[in-house]
Amino acid sequence: MHSLSGYQCANVALDEIERSVDLLDNLHHNREHFDGKVGAVTTFLPLNQPLYATVCFGVVPSFMAEDTALRPPTAMHPHYRALADVLDLPAHFPELHVSYDDKEEFVADRAHRTDVVVFTGTPENAAKVRRSFPRRTLFILNGSGHNPLVVTESADVDVAVASALRVVLYNQGQDCAGPNSILVHRARLAQFRENLLARLRELEHRVGPYSDPDNVVGPNTDPDHAVKMVRRFRDDRAFWLYGGEVNPASGMIKPTVFEKDLALGGNFREFFAPVFFLQPYDDDAELPRYFEDQRYAANAMYVSVFGDSPYVKSLLDSPWHDADSILWDTDLHLTEKGYLPYGGRGPAASCLYVDGVRVPGATLPQRDIHQHLVARRGGPC
């Protein structure tokens with residue numbers, strides 16, 4: 001806990017530990033994927049969840065490779081060194097190595113001996129990295145999704161508000177599963193808004209530095225991101241309801257609520273901050289304004305629905321969703337497990353590149369390495 005507490009709130013650190021242990025305890029569910037090895041895996045970690053990402057994208061793939069190297073983002077290096085010292089990775093996972101080299105040096109060193117790249121980050125950065133590796137390299141991308149919440153006329157508003165708080169405030173909004181938009185039926189809007197604002201006011205004394213273990217929202221781990229949010233908040237100020245305080249010096253972005261009618265346009269931009277973007281709609285027939293907008297498809301990932309929506313059910317017949325990516329009266333934070341595939345059908349949300357060809361869909365490194373490399377070679381190397 002101590003090695004993580006300088007980088008995130010205590011509740012997130014505890015959640016990371018629990019998720020990591022749960023994954024390792026349940027790897028038997030993936031037993032069929034571990035019957036062979038590849039030569040080398042290269043992993044690029046995200047800015048968030050350093051422990052859980054290390055286990056998912058570093059430790060587990062190292063069981064399937066002779067050589068696995070991972071690199072945390074530069075902004076994380078001081079904190080990751082402390083975490084790595086506590087974990088003592090070389091003693092427990094000798095095939096796994098951590099690099100603090102400059103990214104270009106790291107890529108140059110790994111490019112021609114890597115069979116698999118696991119990359120978590122923006123699709124734009126992924127494209128730059130992918131061009132440095134040979135076409136034959138299996139490239140596993142975990143990007144970002146829209147992940148809207150839909151609060152229908154038949155929703156249990158208390159359940160929906162609890163879910164919104166859980167997914168938006170987690171790790172001060174620095175999570176690819178955070179919703180870009182919360183679509184609220186107008187018949188439930190007043191109650192949803194009132195309950196949400198009341199809960200946020202109750203939590204105001206728990207917003208602050210990581211050093212206070214009671215805090216549930218802390219500074220953004222990338223202080224420069226706060227500057228970007230100042231511009232975003234300025235652009236959306238006509239729709240402001242609550243919060244909006246940003247400190248570019250400390251990186252603190254306090255929980256903020258905007259409300260913009262869906263009829264005025266959906267929000268498809270990720271905040272990566274504790275922002276609730278409410279979008280009232282009048283009936284089920286209005287939801288295509290969001291889901292059939294041309295900006296939706298590339299980042300189609302998960303939808304959390306509270307109550308019933310015939311329109312959202314119809315998305316099961318679209319190219320962008322299946323039964324695993326539409327969640328009913330729950331959310332991704334409660335359902336995600338490290339031994340299950342994660343992601344969506346939007347190519348910017350998650351995908352593989354197999355021999356240079358993009359294959360959209362949820363990813364699971366142990367499954368993908370086995371299916372596209374080990375099994376094609378006929379088993380153990």
Side-chain angles (χ1 to χ4, degrees), residues 144-168 173 176-197 199-200 232-233 235-242 256-271 275-332 344-349:
S144 60
H146 299 302
N147 301 306
L149 274 59
V150 181
V151 183
T152 72
E153 187 175 14
S154 57
D156 183 322
V157 171
D158 290 337
V159 171
V161 168
S163 178
L165 289 163
R166 186 163 46 243
V167 295
V168 174
C176 65
N180 293 348
S181 180
I182 302 175
L183 305 164
V184 186
H185 194 286
R186 206 171 301 277
R188 290 288 179 265
L189 178 62
Q191 184 183 0
F192 185 93
R193 184 201 300 127
E194 180 182 348
N195 290 8
L196 175 64
L197 294 179
R199 291 291 306 279
L200 288 174
R232 287 287 306 275
F233 287 6
D235 293 344
D236 291 322
R237 60 189 170 193
F239 310 109
W240 172 84
L241 280 182
Y242 169 89
T256 299
V257 181
F258 294 100
E259 184 179 308
K260 177 184 177 183
D261 269 25
L262 181 57
L264 298 176
N267 178 60
F268 300 97
R269 294 193 295 171
E270 185 178 31
F271 283 99
V275 176
F276 300 79
F277 204 93
L278 309 187
Q279 300 226 254
Y281 69 97
D282 290 305
D283 54 50
D284 217 48
E286 192 178 353
L287 290 177
R289 285 182 181 270
Y290 194 84
F291 292 99
E292 295 176 28
D293 189 291
Q294 62 180 357
R295 293 168 291 179
Y296 181 77
N299 297 84
M301 198 171 176
Y302 292 90
V303 184
S304 295
V305 191
F306 300 89
D308 184 59
S309 169
Y311 173 76
V312 175
K313 287 179 181 176
S314 76
L315 293 176
L316 293 172
D317 297 323
S318 77
W320 311 118
H321 288 287
D322 56 22
D324 291 331
S325 65
I326 298 181
L327 311 176
W328 298 93
D329 293 310
T330 187
D331 56 68
L332 190 55
R345 292 189 176 182

Polar side-chain atom of [X] near backbone of [Y] as donor-acceptor pair, under 3.5 Å:
| X | Y | value |
| --- | --- | --- |
| Glu153 | Arg186 | no |
| Ser163 | Ala160 | no |
| Asp322 | Asp324 | yes |
| Asn267 | Asn180 | yes |
| Glu259 | Leu241 | no |
| Asp331 | Ser304 | no |
| Asp156 | Gly307 | no |
| Asn299 | Ser144 | yes |
| Asn147 | Met301 | no |
| Thr152 | Asp308 | yes |

Minimum heavy-atom distance [X]-[Y], with the two atoms named:
| X | Y | result |
| --- | --- | --- |
| Arg232 | Glu270 | NH1-O, 3.4 Å |
| Leu262 | Gly266 | CD1-CA, 4.0 Å |
| Leu149 | Val167 | CD1-CG2, 4.2 Å |
| Ala300 | Ala349 | O-CB, 3.5 Å |

Can you tell me how far apart [atom1] ([X]) and [atom2] ([Y]) are? Round to the nearest 0.5 Å.
| X | Y | atom1 | atom2 | result |
| --- | --- | --- | --- | --- |
| Arg345 | Ser318 | CZ | OG | 7.5 Å |
| Cys176 | Tyr302 | SG | OH | 9.0 Å |
| Arg289 | Leu287 | CZ | CG | 10.5 Å |

message: Set out, in order, the CA-CA distance, both residues' side-chain angles and the distance that settles side-chain contact (heavy atoms from CB on, under 4.5 Å) for Val168 and Phe271, then state yes or no.
response: CA-CA 10 Å; Val168 174; Phe271 283 99; over 6 Å; no

query: Taking it one step at a time, do His146 and Tyr290 satisfy side-chain contact (heavy atoms from CB on, under 4.5 Å)?
result: CA-CA 10 Å; His146 299 302; Tyr290 194 84; 3.9 Å; yes

Are side-chain heavy atoms of [X] and [Y] found at a separation under 4.5 Å?
| X | Y | answer |
| --- | --- | --- |
| Phe306 | Val157 | no |
| Val151 | Val161 | no |
| Pro148 | Phe291 | yes |
| Tyr281 | His185 | yes |

- request: Could you go through the side-chain contact (heavy atoms from CB on, under 4.5 Å) check for Val150 and Tyr311 one step at a time?
  value: CA-CA 11 Å; Val150 181; Tyr311 173 76; over 6 Å; no

task: Apply side-chain contact (heavy atoms from CB on, under 4.5 Å) to the pair Leu278 and Leu196, showing each step before the final yes or no.
output: CA-CA 11 Å; Leu278 309 187; Leu196 175 64; 4.2 Å; yes

